[in-house]
Amino acid sequence: MRLAIDAVAANREIRTGAGEYAFRLLTSMMKETRPSEEVFLYTEAPLGDFWPTLPNTWKSRVLPWSLHGWATARLTVELLTQKPDVTFFPSSAPPLFSPSRRNHRRASVATVHDVGFMRLPQVYASSDRFRQRRSVRRMIKKCAHLLAVSEF
């Protein structure tokens, strides 16, 4: 099995909550990988020194991109050409052209970190609510599985 992971948020030295979740989850996954699994960590820059040594079946793929929209443009091209079996988005929504849940050969999986924008809309700017609502809808439409890290 070939697993592709959007590791951009996990590859920051100073991480947000979602980035920290992604980093800890990925470093834990490294200990559980089977020899038959190939894992590709996709990032915009080389992995930082804070990463542990990758297992033999794990590879880092740096996809340089100087413009806005790395996942929408550069990661999408990579996913379309490499065609991993599963693509995991631990800290962001899948890009528009990621595998759909209707695709029986390839799947996307994502983590939903918070839906506070739906429960407490008054504390979010309208642009943030719109962006987050669009991201969650895309996750529901695209992903074969969704992970939730909060009951909220």
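- At a threshold of 4.5 Å between non-hydrogen side-chain atoms, the residues L54 and L47 count as touching.
- Closest approach of E20 and R24 over heavy atoms only: OE2-NE, 2.6 Å.
- Between F89 atom CZ and S108 atom OG the span is 5.0 Å, to the nearest 0.5 Å.
- With values rounded to the nearest 0.5 angstrom, M139 atom CE is found 12.0 Å from R134 atom CZ.
- Side-chain contact check for R61 versus Q82: some heavy-atom pair is nearer than 4.5 Å.
- By the 4.5 Å heavy-atom criterion applied to side chains, F88 and T111 are counted as neighbours.
- No continuous path of hydrophobic side-chain contacts links L146 to M29 [ILVMFWY only; heavy atoms under 4.5 Å].
- Both the sub-6.0 Å distance and the 45° axial angle are satisfied by R15 relative to the ring of F23.
- Taking 4.0 Å as the cut-off between side-chain N and carboxylate O, E38 and K59 do not count as a salt-bridged pair.
- Contact annotation: the side chain of V8 approaches that of W70 to within less than 4.5 Å [non-hydrogen atoms, C-beta and beyond].
- In this structure, T76 and P95 have side chains that are in contact, with non-hydrogen atoms separated by less than 4.5 Å.
- You'll find the side chain of M30 reaches within 4.5 Å of the side chain of W51, heavy atoms only.
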